[in-house]
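For the numbers below, each heavy atom of this structure counts, side chains included, while hydrogens, waters and symmetry mates do not. FYI, the numbering just counts along the sequence from 1.
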Amino acid sequence: MSVNEFGQPLGEVVEGWEPRARPERVTLEGRYVRLVPLSSAHYSDLYAATCGPDDRQRWTYLPAEAPTDLPGLWMLMTARLEADPTTYVIVAEGGRPAGVFSLCSVDAANGSIEIGWVLFGAALQRTRAATEAIHLLQAYAFDELGYRRLEWKCDSRNEPSRRAAERFGFTYEGRFRNHRVVKGCNRDSDWFSITDAEWPALRQAHEAWLEPANFDADGRQVAPLRRHAPEVTAPSAGPVE
C-alpha cells in the first residue's frame with residue numbers, strides 16, 4: 001500500500017501498466033478440446049447439441065429462450081456475434097461442436113474480462129473436455145493477453161454455475177441484488193473472479209488434473225480437481241466432477 005501527500009492510503013502501484021489488447025478470434029487447442037471462433041458453419045451442429053427436447057433446462061438462466069428451430073438459433077447466434085465477437089464453439093472429442101461460450105465485458109484499459117454466455121451440451125457435461133475448455137480461455141486471458149482480472153457472473157439461483165465457478169478457481173465476491181430482469185423475472189447476480197496473482201497456482205492445478213495419467217481407460221478422473229493442490233495422488237476412481 002502507498003500513501004499520497006495528504007496521508008491518504010492508495011492501492012499498490014501497478015508497475016509498467018498499459019491497456020491490454022482485446023481478445024481476437026483465434027483457435028485455441030488443448031488435449032481434449034478445441035475452441036473455434038463461432039461462425040454460421042457451426043450453427044447446424046450447435047443446434048443439434050444444445051436445442052433438443054431434453055436440452056431446454058440448459059437455457060433456463062440464459063437471457064434467451066431455447067430456439068425451436070435452426071433459423072431461430074441462426075438469428076440468436078448472429079446477434080451473439082454482434083454483441084461479443086469473441087464467442088467460441090467448443091469442439092470436443094468426436095469433432096462436432098458441443099457447446100458455446102464467450103469472452104465478454106472486455107475492459108482493456110483496466111485489464112478485466114469475463115467468461116460468459118456458457119452453454120454446454122449434454123456431451124460436455126462432467127467431462128475433462130469441459131474443464132479444459134474453461135482452462136483454455138483462462139490461459140488465453142492471463143497468459144496471452146495479460147489481463148489482471150477474469151470474471152464469472154451467474155444468476156444467484158443457478159447452483160450448477162456457482163459450483164462450476166468455485167471448481168474452476170473463481171472466488172466469490174458478492175451478490176448484486178436486483179441486477180437484471182431476465183425473461184420477466186428478477187435476477188440477483190453472483191460475481192466471482194480470478195486475479196493474475198492467483199492464476200499461476202490455478203494453472204498448475206488445472207494442468208496436473210488434465211494430465212492423461214489422471215484418467216482411467218474410460219476417461220474417468222483418478223483425483224478430483226483441487227484449487228490449490230496440483231499433485232494428483234488420490235487412488236480411487238470416480239466420475240468427473
Same apolar cluster: [X] and [Y], side chain cutoff 4.5 Å:
X      : Y      : value
Leu150 : Val26  : yes
Tyr88  : Met77  : no
Leu202 : Leu136 : yes
Leu81  : Ile90  : no

Say whether [X] and [Y], considering side chains only, have a donor N or O and an acceptor N or O under 3.5 Å apart.
X      : Y      : answer
Glu151 : Ser193 : no
Ser161 : Trp152 : yes
Ser156 : Arg187 : no

Should the heavy atoms of other residues, nucleotides or ligands under 6.0 Å from [atom1] of [X] be counted, would the total exceed 12?
X     : atom1 : value
Glu12 : CD    : no
Glu24 : CD    : no
Arg56 : CZ    : no
Arg96 : CZ    : no
Gln8  : CD    : yes

Exercise. Step by step, would you call Leu46 with Leu73 a side chain to side chain contact (heavy atoms under 4.5 Å, CB included)?
Worked result: CA-CA 9 Å; Leu46 192 59; Leu73 181 91; 4.2 Å; yes

Exercise. For Leu35 and Val91, what are the C-alpha separation, side-chain angles and deciding distance, and is it a side chain to side chain contact (heavy atoms under 4.5 Å, CB included)?
Worked result: CA-CA 6 Å; Leu35 307 185; Val91 182; over 6 Å; no

Problem set entry | Between Trp199 and Phe142, ring centroids under 6.0 Å |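 When the ring centroids of Trp199 and Phe142 are compared, they turn out to be within the sub-6.0 Å range.
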
For this session: Validate the cation-pi geometry between Arg20 and Tyr147: distance from NZ or CZ to the six-membered ring centre under 6.0 Å, angle to the ring axis within 45°.
Result: no

For this session: Please determine if Arg149 forms a cation-pi arrangement with Trp191, meaning its NZ or CZ atom is less than 6.0 Å from the six-membered ring centre and no more than 45° off the ring axis.
Result: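 Relative to the ring axis of Trp191, which defines the angle, Arg149 lies outside at least one limit.
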
Problem set entry | side chain to side chain contact (heavy atoms under 4.5 Å, CB included) between Phe168 and Thr131, worked out | CA-CA 8 Å; Phe168 293 134; Thr131 297; 4.0 Å; yes

For this session: List the steps and the verdict of side chain to side chain contact (heavy atoms under 4.5 Å, CB included) for Val13 and Glu15.
Result: CA-CA 6 Å; Val13 174; Glu15 297 289 350; 3.8 Å; yes

Exercise. For the atom pair OH (Tyr172) and CZ (Arg162), what is the distance rounded to the nearest 0.5 Å?
Worked result: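 So the gap between those two atoms works out to 5.5 Å.
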
Exercise. Say you draw a straight line from CG of Asp188 to CZ of Arg180; how long is it, rounded to the nearest 0.5 Å?
Worked result: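 So the CG of Asp188 and the CZ of Arg180 are separated by 12.0 Å.
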
For a quick test of reading the model, state the closest non-hydrogen atom pair linking [X] to [Y] and the distance between them.
X      : Y      : answer
Arg31  : Glu132 : N-OE2, 2.7 Å
Phe192 : Cys154 : CE1-SG, 4.1 Å
Asp84  : Cys104 : OD1-CB, 3.3 Å
Glu114 : Ser105 : OE1-OG, 2.7 Å
Pro63  : Trp117 : CG-NE1, 3.6 Å
Ile115 : Leu103 : CG1-CD2, 4.1 Å

Problem set entry | With sequence neighbours excluded, residues passing side-chain contact (heavy atoms from CB on, under 4.5 Å) with Pro160 | Asn158, Arg163

Are any side-chain N or O atoms of [X] and backbone N or O atoms of [Y], one a donor and one an acceptor, separated by less than 3.5 Å?
X      : Y      : answer
Trp59  : Pro67  : no
Asp155 : Arg157 : yes
Asp218 : Arg220 : no
His42  : Ser39  : yes

For this session: Could you walk me through whether Tyr43 and Trp74 pass the ring-ring contact (aromatic ring centres under 6.0 Å, His included) test, one step at a time?
Result: CA-CA 6 Å; Tyr43 293 169; Trp74 190 292; 4.9 Å; yes

For this session: Report the C-alpha separation of Ser102 and Arg80 in whole Å, then their side-chain angles, then the decisive distance to 0.1 Å, and conclude whether the side chain to side chain donor-acceptor pair (under 3.5 Å) test is met.
Result: CA-CA 9 Å; Ser102 299; Arg80 290 289 315 123; 2.8 Å; yes

